[in-house]
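Below is one structure; the comments refer to it alone.
Residues take their numbers from the sequence shown, with the count starting at 1. Values in this document were obtained by computation on a predicted structure and should not be read as measured data.
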Amino acid sequence: MVSTNMYYLNKVIATLFLETSVLGEDRTNFKSVSTITEFWKFMEGPLLEGLYCDSWYNTEVLYQLKNSSRIYYENVLLGVPRIRQLKVRNNTCIVYPKFQSFMDECFDRYTIENEDRSDFGPRQVPEWKYSPSSSLSFRHWGIFGVYDNGGYMFTLPISKTAAKEKFTFLKLNSWITRGTRVIFIDFSIYNANVNLFCIIRLVAEFPATGGVLTSWNFYSVKLLRYVTYFDYFIASCEIIFCIFIINFIIQEIKKMKEYKYVYFKSFWNLLELLLLLLSLLAISINIFRTSQAYHLLGQLLEKTQEYPDFYFLAYWQIRYNDMVAINIFFAWIKIFKFISFNKTMSQLSTTLSRCIKDIIGFAFMFFIIFFAYAQLGYLVFGSQVDDFSTFQNSIFTQFRIVLGDFNFANIEKANQVLGPTYFITFIFFVFFVLLNMFLAIINDAYSEVKADYSIGRSPESELANQIKASYTRTMEKLKLKKPQTEGKNKEIERANQMKRWKERLEEKYYSSEIPDAYQPVTQQEFRELFLFAVELEKELHYVSTKLNRVMKRISTSKT
């Protein structure tokens, strides 16, 4: 789903549109835009130069793309770019009564309720008329707000000269006003060499505080999924995966019927249910995205003089990739269930499972202190230091402090007293005290586990048991082994072993010759005593389980 070509395609496009400076002004590019004047310079300079490159601006290729999935052009601009803005109404903010006489205009931050949908500017010109949302995409989550899909929008003409004249006309007639809160620049590019679509969105937000804050999205996605032979091989793997998931669901349903409420007490069973849920979601999103891609792609490519809205398809492709990534992560975590065959891995998993309750209790205390320091940093340094500008940034900054990635001079400059005090006390309590307590909890659990392993108390291999059980079932189905024969042999062998242990213990510790003599216990004898106790515990558990099943059958037969 993801290849290195996606990164390099994003890098090339980002370098062209984000880092290209205005002619004669080396420091003015899209990243550094901070005023409306600089924004218009970017629109008339780097944006037009990037959009109207001779190497990719070719709308005729759209007709060829409909008939062939692989065209050996470089980056091709699909359709025409679209620019739209969202505004807020005047007098939407609350002004203190004593200042109302000084304020003729007041534009609040953007919300759906404050959005301005009335026409403005020159009459009979579509750029000044509000157009409702016709996109299937979700609302855009920006830095200062969540923005709707409608707005005052227009598309750029094919000619570079005509596009520049349009920008000049809009600038002279004040298309960007004090009520403007965001401007979106959307366009899509296709690279046939690597069969990738790059959906670009450049965002310029105009907050109520003034100025311009820029952000961007570059989504390189593979919308034409099945083109090469390797793609069809991937498709066959996806079908096999779906078959495995169906089989997995049937197995888990059988387990639920057998164990009922006890099934949900196991962590590994809950993890398997989570994997099933994520897999089903990934399959559903993949089917939906693939069907929508082939359905909408033809419609979008038919209108070569309009803006093709690939943002909707790119959004679902990114969500699908995220779902697959999370699913694979938890699938790898599940491997811990089967690593008992290795002593080191078994000790690791046992240590983590044994100290999980202590870690949860420690985490509760740790985050109380951690969030207290985050709130302190946000309130003291938030208005001056970017790392503490929001409460979320304060939390991430403190994790960076723990890792040693932090600029102490910034907080010292912001507050010469509380800055050093905050830093020193945070390092002392969090780094030297709490983190060492965390390590002590893990070391204590590891010492207990290591002591248990030294006397032979090691868990059985889950992987070995499953392989052995699968082998037994296969042999029984092929009629190469009688059912339950192996189980009876195991019970006989276990009974004989316990009988031998009992005889040795009676001979050693219950001898009538020296009834009151002191009997020293060697390490090997202690190990045998411990294993004998473990076997007795297993026998008791086995008998109690069979007794519970019998009682359940009796109760159900009575009802």
Side-chain angles (χ1 to χ4, degrees), residues 1-13 56 58-79 135-138 187-200 217-249 275-304 308-329 331:
M1 304 305 164
V2 179
S3 68
T4 55
N5 291 328
M6 294 181 177
Y7 167 77
Y8 290 116
L9 181 58
N10 282 342
K11 186 177 180 179
V12 168
I13 303 302
W56 67 13
N58 185 2
T59 55
E60 294 180 358
V61 78
L62 298 178
Y63 296 105
Q64 302 175 28
L65 185 62
K66 292 163 56 179
N67 302 321
S68 175
S69 300
R70 299 297 298 252
I71 304 173
Y72 292 97
Y73 285 80
E74 293 184 1
N75 299 319
V76 177
L77 184 64
L78 301 179
S135 173
L136 299 175
S137 303
F138 294 96
F187 54 96
S188 302
I189 292 170
Y190 176 70
N191 190 308
N193 297 327
V194 291
N195 190 25
L196 289 178
F197 290 79
C198 187
I199 290 81
I200 299 100
N217 290 328
F218 295 92
Y219 294 146
S220 289
V221 293
K222 188 176 181 180
L223 299 180
L224 300 175
R225 287 284 306 280
Y226 309 112
V227 177
T228 64
Y229 292 111
F230 182 75
D231 293 336
Y232 287 109
F233 168 74
I234 296 296
S236 63
C237 292
E238 291 173 350
I239 295 173
I240 296 173
F241 175 78
C242 294
I243 296 173
F244 270 103
I245 290 299
I246 294 173
N247 184 33
F248 196 18
I249 292 174
L275 284 171
L276 274 179
L277 177 61
L278 293 175
S279 299
L280 292 175
L281 285 175
I283 292 171
S284 303
I285 293 176
N286 187 30
I287 294 174
F288 172 76
R289 188 213 59 80
T290 304
S291 61
Q292 288 294 321
Y294 284 100
H295 173 69
L296 296 177
L297 196 60
Q299 297 181 1
L300 296 174
L301 295 177
E302 286 177 357
K303 304 173 183 178
T304 59
D309 190 4
F310 287 95
Y311 200 83
F312 169 75
L313 298 177
Y315 175 85
W316 281 108
Q317 179 63 44
I318 297 299
R319 298 290 79 79
Y320 173 71
N321 291 346
D322 295 341
M323 189 68 63
V324 170
I326 297 173
N327 201 1
I328 291 175
F329 171 79

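In this structure, the side chains of K222 and D231 come closer than 4.5 Å at one or more pairs of heavy atoms. Looking at N217 and I200, their side chains never come closer than 4.5 Å, going by heavy atoms from C-beta outward. Between L196 and V221 the shortest side-chain heavy-atom distance does not fall below 4.5 Å.
Rounded to the nearest 0.5 Å, atoms CD1 (I287) and CD (E238) are 9.5 Å apart. The distance from atom CE of M323 to atom CD1 of I283, rounded to the nearest 0.5 Å, is 11.5 Å. Interatomic distance, CG of L9 versus OG1 of T4, reported as 11.5 Å (0.5 Å rounding). Taking CD1 of I189 as the reference point, atom CG of L78 lies at 8.0 Å (rounded to 0.5 Å). Rounded to the nearest 0.5 Å, atoms CD1 (I199) and CG (L313) are 7.5 Å apart. Put simply, CG on L278 and CD1 on I285 are 9.5 Å apart, with the number rounded to the nearest 0.5 Å.
For F248, the side chain to side chain contact (heavy atoms under 4.5 Å, CB included) partners at least two apart in sequence or on another chain are Q251, E252, E272, L276, K334. Judged as a side-chain hydrogen bond (donor to acceptor under 3.5 Å, both in side chains), and not counting sequence neighbours, the contacts of N10 are S220. A search for side chain to side chain contact (heavy atoms under 4.5 Å, CB included) contacts involving T290 returns R225, Y226, N286, Y294, not counting sequence neighbours. Considering only residues two or more places apart in sequence or on other chains, Y229 meets the side chain to side chain contact (heavy atoms under 4.5 Å, CB included) condition with none of them. Here F288 pairs with W316 under the ring pair (Phe, Tyr, Trp, His ring centres under 6.0 Å) rule; sequence neighbours left out. Listed by chain and number, the residues in a side chain to side chain contact (heavy atoms under 4.5 Å, CB included) with I328 are V324, W332 (sequence neighbours excluded).
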### Task
Could you go through the ring-ring contact (aromatic ring centres under 6.0 Å, His included) check for Y219 and F310 one step at a time?
CA-CA 10 Å; Y219 294 146; F310 287 95; over 10 Å; no
### Task
I would like to know whether F241 and I245 meet side chain to side chain contact (heavy atoms under 4.5 Å, CB included); could you show each step before the answer?
CA-CA 6 Å; F241 175 78; I245 290 299; 3.8 Å; yes
### Message
The test is side chain to side chain contact (heavy atoms under 4.5 Å, CB included); show your working for L223 and R289 and say whether it passes.
### Response
CA-CA 9 Å; L223 299 180; R289 188 213 59 80; 3.9 Å; yes
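Formation of a donor-acceptor pair under 3.5 Å by the N195 side chain with backbone atoms of L224 is found in this model. With hydrogens and angles ignored, the 3.5 Å screen pairs no side-chain donor or acceptor of N247 with any backbone N or O of F244.
Legend: salt bridge (Lys or Arg N to Asp or Glu O under 4.0 Å) pairs involving residues 318-329, not counting sequence neighbours, sorted by first then second residue: R319-D322.
C198 approaches I13 most closely through the heavy-atom pair SG-CG1, 4.1 Å. In this structure, L275 and A331 approach most closely via the heavy-atom pair CD2-N, 3.5 Å.
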